[in-house]
Structures are given as C-alpha cells and as structure tokens.
Amino acid sequence: MEILDQEGAMPLSLGTRLGPYEILAPLGAGGMGEVYRAKDTRLDRTVAIKVLPAHLATNVESRQRFEREARAVSSLSHPHICTLHDVGHQDGIDFLVMEYLEGETLAARLKKGPMPLVQVLRYAIEIADALDQAHHKGVFHRDLKPGNVMLTKAGTKLLDFGLAKLRGPQASAVVGASALPTVAEELTGKGTILGTLQYMAPEQLEGQETDARTDIFAFGSVLYEMATGRKAFEGNTQASLIAAILEHEPPPLVSLQPVAPPALDHLVRVCMAKDPDERWQAAGDLKRELKWIADSSSQAGVEAVTRPARAKRPVKRTAVAVTLAAVLALAALGGYWLLRQPRATSSQVKLGRTTQITFDPGLALDPALSPDGKLVAYAAGPMGQTHIYVRQLGEARSILLTQDVPGYHRWPQWSPDGSRIAFFSVNSRTGVRMISSVP
C-alpha cells in the first residue's frame with residue numbers, strides 16, 4: 001500500500017525500513033512533514049516517525065527548520081511535551097523518531113464545542129507547565145495552536161516545534177545522535193511572519209522580536225477557545241483577521257460562558273494584551289494563577305462548610321459533625337417549606353431578572369426534574385462559584401436564577417406544585433444557609 005502526498009510525489013511505502021524502524025501506516029501530513037506510525041524493531045515498541053517530504057528535502061530553509069525541531073525537542077523532557085527518541089538520515093531521508101500518542105488533537109475536540117471548565121483548567125495548567133519548562137530551556141514555540149496540542153488519557157502533549165526559536169546554549173547545541181549541522185538562532189530576516197495567523201501575537205504579525213510573551217499571547221487565544229468554543233479573533237480575510245488581532249479585543253469570555261469565573265476572564269485578557277509588556281511575563285506565573293483559580297474556590301467552599309478548628313483532629317471532627325447536622329436540619333426545613341407552598345403548575349414559575357446561556361450537559365450538577373417533567377433545575381460552575389439554572393427540556397438554552405444572590409449554590413429542589421425552587425447556598429461569611437425565595 002502506498003499513498004501520494006500533496007505534491008504527487010511518492011512517500012514512504014508501508015514496510016519501508018529506516019534503520020531499525022519499520023513503517024506501519026501513515027498518520028498525517030502537513031506543510032513541514034509527513035508522520036507515520038512505525039515499529040522500533042529493537043525495543044518492540046510503537047513510535048511515530050516524522051519525515052521531511054521529498055519536495056522539501058533540497059530546500060535549505062526547510063531542512064534547517066526540520067533540524068531545529070530536533071534540536072528544540074531534544075533539549076526538553078517533560079510529561080506534557082512529546083518526547084523525541086531518535087533522529088536519523090538514510091537514503092536522502094531526514095527523519096525524527098517521536099513518542100507515539102493515542103488520542104485526538106485539541107483542534108478536533110473543539111469542533112464539538114466548548115469544554116467543561118474542569119477540563120479547561122486542567123489542560124491549561126498542563127500546557128502552561130510545558131511552556132514554562134520550554135522557556136526556561138531557551139525554547140520558544142511560536143506556533144502554539146489547538147492543532148499542536150494532543151489530548152491523551154494521561155493529559156495534554158505539546159507537539160511540533162518546527163518554528164521554535166532557540167536562545168542561549170540550545171541555539172548552537174549539537175543534537176545527540178544526529179549528524180545534522182548546527183543552525184543559526186534566526187532562520188528568517190526581520191519582518192518575516194512565521195506561525196499560524198489565527199493565534200499570532202501582534203509583534204509576530206509585525207515581524208518584530210518574539211520571546212516567551214509571544215507564546216503567552218497564543219496560549220491566551222487557545223484558552224479562550226477552549227472555554228467558549230469560539231476563536232478569540234476572526235475575520236473573513238487575512239487582512240481583516242490581522243486587523244482584528246492588532247486593533248480589537250475579543251468579546252469578554254464571561255459573556256460567552258457565564259459560568260466561567262471572572263478570574264479566568266481576567267487571566268485570558270492579560271495574556272492577549274497587545275503590548276507584550278502588559279501581558280503575563282512568564283508561563284510559570286500563568287500556571288500558578290490557573291492553579292489558584294482551580295483550587296482556591298473549592299478550598300473556600302470546604303472552609304465555609306466545615307470551618308475546621310485550628311487545633312487537633314478531634315476538634316476538627318466535631319466541627320464537621322456539627323456542620324453536617326446543620327445541613328441535615330436545613331434539608332428538613334427545606335422539605336417542610338416546599339410542602340407549605342401554594343399549588344400551581346411548573347409553567348407558572350416566575351423567573352424574575354434572568355440571564356440566558358447555552359446549556360452544556362457536561363457542566364450540569366445536581367439536576368432536578370420539575371413535577372410535570374417539563375423543566376430541569378441544576379447547578380453549574382466551578383467549585384465554590386456554582387449558581388442555579390433552569391431549562392425547559394428539549395431547549396438548548398438555560399436561564400440563570402441566582403445571579404443576584406450572594407454565595408454559591410447547590411442541590412435545587414422543586415416544590416410539589418412546581419411553582420418554586422429551593423436550594424442550598426454557602427456564603428464564606430455566614431456558612432451554610434438555605435434560600436427559599438426563588439419564585
């Protein structure tokens with residue numbers, strides 16, 4: 001079996017041997033490489049082999065970029081960066097032997113729509129951690145985009161350093177097992193645009209100096225798309241897209257994803273500041289902020305409910321027991337309140353001041369069906385910031401009920417006649433309390 005590349009040239013036949021590696025199947029092809037699944041016959045393991053296409057093999061700049069990818073990845077060892085196993089040259093073919101990954105690209109996942117916020121934060125932390133190490137090693141990716149992030153069972157993997165910029169010792173380091181020649185730090189002259197237009201920072205579009213903050217701009221654009229399902233910058237033509245990146249701001253993240261925490265919206269906006277000096281200056285800072293967003297809300301929620309004593313374990317257990325008893329008592333009061341409400345039908349539920357959002361089943365917590373089976377109430381949002389929503393079955397949009405109610409809210413319960421919804425609210429100052437006034 002053989003396949004033709006985009007230029008009509010014949011790529012590698014299945015069964016071809018490159019040293020100890022046997023080609024098994026094509027995985028994909030791009031402008032700078034063809035990728036195959038292969039078998040390492042020495043270690044009996046599956047690997048991915050990236051080959052410089054034949055029509056580019058004689059192009060000096062293409063070969064230098066290919067070599068630069070080997071140089072960049074060989075310097076990095078991180079659980080969220082695709083591992084380089086080997087490099088080689090045989091019969092006029094330059095190739096890289098990479099870790100074989102099973103999963104889908106982030107780009108493929110985003111075709112299905114926005115991701116649940118728990119996944120957004122988890123993957124964002126992993127990508128920021130990978131960028132942090134790369135930047136510390138003097139490697140700037142310069143082509144961060146959803147297509148260069150693989151989602152696997154173990155988490156994310158950052159791919160394709162073909163446009164990476166190397167600084168410091170890595171710019172002239174020799175790749176271990178390769179006979180590849182050294183290359184200069186910059187392969188293109190000032191004013192040349194490299195990368196994928198949709199995720200480029202303003203300075204990259206203008207052909208100016210790029211550094212870690214260029215990757216941070218792209219990271220913010222990717223994070224925005226993960227949370228909202230929409231690209232941060234769009235245009236009908238390349239010119240209009242460039243103008244959008246250089247001159248305009250994308251809609252606030254929270255306007256498209258109301259359950260997103262404001263802190264995440266702020267983090268993304270700082271990432272995408274037009275002036276590099278106004279952005280986060282290091283990926284490590286991003287990683288810490290993202291962990292704070294992911295962790296602090298849930299920690300605040302635990303503290304509000306349990307309020308543990310400072311001292312010893314028996315005291316903490318007593319505090320937890322007292323709090324649980326209070327929750328159970330409130331549940332009983334809630335049931336009593338629900339039974340006392342006047343009868344009506346669920347169509348008579350008064351929604352008051354509301355905000356509509358697109359319903360995402362992956363975000364719904366504690367769903368509760370109305371007595372007549374026409375409406376569902378649920379909680380949604382990150383830990384420590386959940387609100388109560390209601391949605392008519394069969395509809396794609398939900399209505400936010402508790403935007404003006406302080407605290408975070410869980411466990412909605414319908415009254416028997418479907419006219420009211422009770423729920424639990426936790427406030428960092430007052431602890432656990434029950435709200436029974438959502439008509």
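Not measured: the values here are computed from a predicted model.
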Could you go step by step and tell me if Phe95 and Val97 meet the side chain to side chain contact (heavy atoms under 4.5 Å, CB included) rule? CA-CA 7 Å; Phe95 61 92; Val97 183; 3.8 Å; yes
Going by an N to O cut-off under 4.0 Å, is there a salt bridge joining Glu22 and Lys39? no
Before you tell me yes or no, could you show the steps for Leu151 and Gln119 under side chain to side chain contact (heavy atoms under 4.5 Å, CB included), namely the whole-Å CA-CA distance, both residues' side-chain angles and the distance that decides it to 0.1 Å? CA-CA 11 Å; Leu151 305 180; Gln119 285 188 0; over 6 Å; no
What residues, two or more places apart in sequence or in another chain, satisfy salt bridge (charged side-chain N to carboxylate O under 4.0 Å, His left out) together with Glu234? none
Closest heavy-atom contact between Ala283 and Ile216? N-CD1, 3.9 Å
So NZ of Lys145 and CG of Asp160: to nearest 0.5 Å the spacing works out to 7.0 Å
Check against salt bridge (Lys or Arg N to Asp or Glu O under 4.0 Å), Asp211 and Lys165: CA-CA 8 Å; Asp211 56 26; Lys165 174 181 176 181; over 6 Å; no
What one should report as the nearest heavy-atom pair of Ile388 and Thr402 is N-OG1, 3.1 Å
Should Ile49 and Met98 count as side-chain neighbours, where that means a heavy-atom distance under 4.5 Å? no
Does any non-hydrogen side-chain atom of Val149 lie less than 4.5 Å from one of Leu159? no
If you round to the nearest 0.5 Å, how far is CG of Leu286 from CD1 of Ile127? 11.0 Å
Using atom types as modelled and distance alone, determine if a side-chain donor or acceptor of Arg37 lies under 3.5 Å from a backbone N or O of Ala48. no
CZ-CD distance between Arg213 and Glu278, expressed to the nearest 0.5 angstrom: 10.0 Å
If you apply the rule side chain to side chain contact (heavy atoms under 4.5 Å, CB included), what do you find for Met115 with Arg109, and how did you get there? CA-CA 8 Å; Met115 307 174 74; Arg109 167 59 185 84; 3.8 Å; yes
Is a donor from one side chain sitting under 3.5 angstrom from an acceptor on the other, for Tyr199 and Asp143? no
Can a donor-acceptor pair be found, under 3.5 Å and without considering hydrogens, that links the side chain of Gln257 to the backbone of Ser255? no
Euclidean distance, Ser398 OG relative to His387 NE2, rounded to 0.5 Å: 14.0 Å
Sidechain N-carboxylate O distance under 4.0 Å for Glu104, Lys112: yes
Other residues, nucleotides, ligands: >12 heavy atoms within 6.0 Å of His136 NE2: no
Could you check whether any side-chain heavy atom of Lys274 comes within less than 4.5 Å of a side-chain heavy atom of Glu247, counting everything from C-beta outward? no
Salt-bridge contact Arg142-Glu209 (side-chain N to carboxylate O under 4.0 Å): no
Could you tell me whether the side chain of Met150 reaches within less than 4.5 Å of the side chain of Thr156, counting heavy atoms only? no
Spacing of CD1 belonging to Ile23 relative to OG belonging to Ser13, to within rounding of 0.5 Å: 10.0 Å
Hey, what's the ring geometry for Trp280 with His266, parallel, tilted or perpendicular (30° and 60° as the breaks)? perpendicular
Looking only at side-chain N and O atoms, does Thr237 offer a donor or acceptor that is under 3.5 Å from a partner on Ser240? yes
Any donor-acceptor pair under 3.5 Å from Gln198 side chain to Phe233 backbone: yes
Leu76 vs Gln133 side-chain heavy atoms within contact, under 4.5 Å: yes
Please tell me whether Arg42 and Tyr21 have a donor and an acceptor in their side chains that are separated by less than 3.5 angstrom. yes
In this structure, CG of Leu253 is separated from OG1 of Thr228 (nearest 0.5 Å) by 6.0 Å
Could you check whether Tyr100 and Glu102, counting side-chain N and O atoms only, form a donor-acceptor pair closer than 3.5 Å? no
Grab the two heavy atoms, one from Pro412 and one from Ala368, that are nearest each other, plus how far apart they are. O-CB, 3.5 Å
Quick one: does Val390's side chain get under 4.5 Å of Tyr378's, heavy atoms only? no
Listed by chain and number, what are the salt bridge (charged side-chain N to carboxylate O under 4.0 Å, His left out) partners of Lys153, not counting sequence neighbours? none
Looking at Tyr36 and Val51, would you say the former's side chain and the latter's main chain have a donor-acceptor pair under 3.5 Å? no
If you define the side chain from C-beta out and look only at heavy atoms, does anything of Ile245 sit under 4.5 Å from Pro202? yes
Would you check if the side chain of Ser370 reaches a backbone N or O of Lys374 as a donor-acceptor pair within less than 3.5 Å? yes
Under 3.5 Å, is there a donor-acceptor pair between the Asp215 and His141 side chains? no
Contact summary for Met272 and Tyr224, nearest pair of heavy atoms: CE-CD1, 4.1 Å
Measure the shortest side-chain to side-chain distance between Phe161 and Ser74 over non-hydrogen atoms and say whether it is less than 4.5 angstrom. no
Closest approach of Thr83 and Val73, non-hydrogen atoms and distance? C-CG1, 4.5 Å
Residues Phe140, His135; criterion ring-ring contact (aromatic ring centres under 6.0 Å, His included); working and verdict: CA-CA 6 Å; Phe140 308 127; His135 294 166; 5.5 Å; yes
Asp129 and salt bridge (Lys or Arg N to Asp or Glu O under 4.0 Å): which single residue from Arg122, Lys157, Lys287, Arg288 fits? Lys287
Minimum heavy-atom distance between Ala128 and Phe219, given as atom pair plus value: N-CE1, 3.9 Å
Atom CG of Asp275: over 12 foreign heavy atoms under 6.0 Å: yes
Between Val47 and Glu99, is the side chain to side chain contact (heavy atoms under 4.5 Å, CB included) condition met? List the steps. CA-CA 5 Å; Val47 296; Glu99 174 185 10; over 6 Å; no
